[in-house]
Amino acid sequence: TARGTDAMLVNIPKNKGNTAATIKSTYPTVDKKVQTTEVGEFKTDGNAQIGDKVTYQLTATVPDMTDYDKYTFKFVDTLTKGLSYVDNSVSVKVGDTAITTGYTATYSAESKTLTVAFNDLKTTKKGENATVAAGDVITVTYNAYITADAAVTDPATNKVHLEYSTNPDGSGKGESTPSESKVYTYPIEIFKFYKDGETEKGLANATFKLSISEDSTAAGIDLVQDTTVDNSYHVKGEGEKSTITEVTTPDGGKITIRGLKAGTYYLHEITAPTGFNKLTHPVKIEITDDESDQSKVTYKINDVANAGENSHQVKVENMKGTMLPETGSFGTIGLTILGVAVVLLGVFAPKKKKENR
């Protein structure tokens with residue numbers, strides 16, 4: 001079989017000195033980041049709540065196109081099930097200049113792939129009288145919603161790669177190493193229980209709402225009941241219908257709420273099981289993400305850090321009685337004894353005074 005000459009890279013000596021000049025071959029690369037709040041910075045990874053709209057940023061540098069008459073250049077971005085692309089949200093800049101021509105942006109709902117393809121990068125305008133040049137930075141941004149699937153396929157992950165020309169005759173196509181970005185959501189598990197000796201026994205029929213406010217009259221977060229996981233709910237996503245803001249514990253006393261972002265929440269008890277005290281104050285829940293690794297998260301319950309495998313568990317203990325305890329930590333037995341003592345003191349004290357006369 002006929003074979004052409006293999007391409008070779010060699011070191012060519014400089015005119016002065018004995019140091020060889022090193023030939024470098026640079027291929028286009030792409031970097032992907034995500035912004036999870038309107039005023040936040042773009043990061044490789046982030047966290048968001050189901051229903052939130054996030055912004056993705058793709059950046060690449062224009063390569064040397066000197067030997068090319070035409071240059072193919074495409075961003076190919078594939079979204080996972082936990083993301084829903086926002087139609088017509090693509091914007092493109094070359095440097096600081098926004099451009100609206102010279103490229104097409106298409107999204108395939110079937111393959112969940114967004115493609116931003118330049119018709120011919122070499123002739124793409126970056127201003128009235130200028131075309132793009134080697135070294136210019138191209139920035140593509142677009143929006144996506146975090147969907148309910150993110151709570152199951154957590155984290156919501158998507159990848160982007162570049163497709164570009166490799167031969168001046170137009171016959172070759174290269175593909176860059178993919179760049180990946182992840183958006184995490186976090187769960188909590190409510191465990192309503194009472195103690196029978198040293199044994200923690202789950203309580204059914206306790207009703208709660210989760211809110212971002214300490215005020216008991218504030219609205220609860222809208223939830224949707226999961227159809228595939230028992231006793232599980234997720235934060236309402238974009239386009240989902242829900243009238244659920246209160247959840248009731250089943251036998252075993254455990255409920256899971258998925259799809260939360262880092263932040264501070266308050267768990268309010270609406271009704272307690274029959275014969276048990278209702279909380280008079282909400283349970284404070286703080287979810288703090290690790291800036292360097294979004295997969296790591298710390299849970300604090302009433303300002304005390306949880307640890308271990310069940311760190312996401314919010315334990316709510318109640319005691320039997322008819323008085324309203326504070327955060328479920330005080331029963332009525334002690335208060336009853338104190339009350340009886342006061343009454344007896346009031347009855348017998350006058351009698352004792354008479355006897356001493």
Side-chain angles (χ1 to χ4, degrees), residues 27-37 40-63 71-94 99-100 102-121 124 137-166 172-186 228 234-235 237-240 258-259 261 293-295:
Y27 298 98
T29 60
V30 62
D31 183 54
K32 180 169 193 172
K33 293 184 177 180
V34 63
Q35 181 191 55
T36 54
T37 60
E41 62 181 302
F42 284 93
K43 300 179 180 179
T44 301
D45 298 326
N47 73 83
Q49 192 157 291
I50 290 174
D52 284 354
K53 183 167 70 173
V54 301
T55 302
Y56 284 98
Q57 180 189 76
L58 321 175
T59 56
T61 301
V62 176
Y71 198 88
T72 298
F73 202 74
K74 295 180 184 179
F75 293 84
V76 182
D77 193 311
T78 304
L79 287 69
T80 59
K81 289 178 66 179
L83 295 166
S84 175
Y85 170 69
V86 177
D87 290 338
N88 304 314
S89 62
V90 170
S91 65
V92 180
K93 285 184 177 181
V94 179
I99 63 172
T100 57
Y103 68 90
T104 56
T106 55
Y107 179 73
S108 168
E110 185 177 355
S111 63
K112 293 183 70 69
T113 300
L114 171 67
T115 302
V116 179
F118 288 84
N119 305 329
D120 177 8
L121 188 61
T124 299
V137 175
I138 299 175
T139 303
V140 175
T141 59
Y142 70 90
N143 299 123
Y145 284 109
I146 306 298
T147 72
D149 287 316
V152 179
T153 61
D154 192 43
T157 306
N158 59 340
K159 297 180 180 180
V160 63
H161 68 268
L162 292 175
E163 294 179 3
Y164 53 87
S165 296
T166 56
K173 183 186 76 172
E175 188 172 304
S176 71
T177 301
S179 179
E180 183 177 83
S181 184
K182 299 175 182 178
V183 177
Y184 291 83
T185 65
Y186 307 120
T228 57
H234 65 260
V235 178
E238 177 69 16
E240 288 189 297
R258 303 174 186 272
K261 61 185 173 183
D293 185 350
Q294 300 286 320
S295 66

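All values below were derived from every heavy atom in this structure, side-chain atoms included, with hydrogens, water molecules and symmetry-related copies excluded.
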What heavy-atom pair brings [X] and [Y] nearest, and what distance separates the two atoms?
X: Ile50; Y: Val235; value: CG2-O, 3.1 Å
X: Val34; Y: Gly46; value: CG1-N, 3.9 Å
X: Ala156; Y: Gly82; value: CB-O, 4.0 Å

Any side-chain heavy atom of [X] sitting closer than 4.5 Å to one from [Y]?
X: Thr78; Y: Lys159; result: no
X: Pro63; Y: Leu121; result: yes
X: Phe75; Y: Leu162; result: yes
X: Thr139; Y: Gln57; result: yes
X: Asp120; Y: Tyr71; result: yes
X: Thr29; Y: Thr177; result: no
X: Tyr85; Y: Asp77; result: no

Before giving the answer on side chain to side chain contact (heavy atoms under 4.5 Å, CB included), spell out for Val86 and Tyr107 the whole-Å C-alpha distance, their side-chain angles and the decisive distance to 0.1 Å. CA-CA 10 Å; Val86 177; Tyr107 179 73; over 6 Å; no
All side-chain hydrogen bond (donor to acceptor under 3.5 Å, both in side chains) counterparts of Glu163, not counting sequence neighbours: His161
Test side-chain hydrogen bond (donor to acceptor under 3.5 Å, both in side chains) applied to Thr166 - qualifying residues, sequence neighbours left out: none
Using the side chain to side chain contact (heavy atoms under 4.5 Å, CB included) criterion, which residues pair with Lys261? Sequence neighbours excluded. Asn47, Gln49, Asp52, Tyr265
Within the side chain of [X], is there an N or O that forms a donor-acceptor pair under 3.5 Å with the backbone of [Y]?
X: Thr55; Y: Asn143; result: no
X: Thr147; Y: Lys81; result: yes
X: Gln35; Y: Gly40; result: yes
X: Thr72; Y: Ser165; result: no
X: Asp45; Y: Val183; result: no
X: Thr36; Y: Ala48; result: no

Exercise: do Lys112 and Asn158 side chains pair donor with acceptor under 3.5 Å: no
Exercise: do Thr80 and Thr157 side chains pair donor with acceptor under 3.5 Å: no
What's the separation between atom CG in Leu79 and atom OH in Tyr56, rounded to the nearest 0.5 Å? 7.0 Å
Between NZ on residue Lys43 and CD on residue Gln294, distance to nearest 0.5 Å: 6.0 Å
Using the ring of each side chain (for Trp, its six-membered ring), is Tyr186 parallel, tilted or perpendicular to Tyr184, with breaks at 30° and 60°? parallel
I'd like to know whether Thr124 forms a side chain to side chain contact (heavy atoms under 4.5 Å, CB included) with Tyr103, so could you lay out the CA-CA distance, the side-chain angles of the two residues, the decisive distance to 0.1 Å, and finally the verdict. CA-CA 8 Å; Thr124 299; Tyr103 68 90; over 6 Å; no
Would Tyr27 and Tyr164 count as a side chain to side chain contact (heavy atoms under 4.5 Å, CB included) here? Give the steps. CA-CA 9 Å; Tyr27 298 98; Tyr164 53 87; 3.7 Å; yes
Give the C-alpha distance, both sets of side-chain angles, the deciding distance and a yes or no for side chain to side chain contact (heavy atoms under 4.5 Å, CB included) between Tyr142 and Val116. CA-CA 11 Å; Tyr142 70 90; Val116 179; over 6 Å; no
In terms of heavy-atom contacts, does CG of Asn88 have more than 12 from other residues, nucleotides or ligands at under 6.0 Å? no
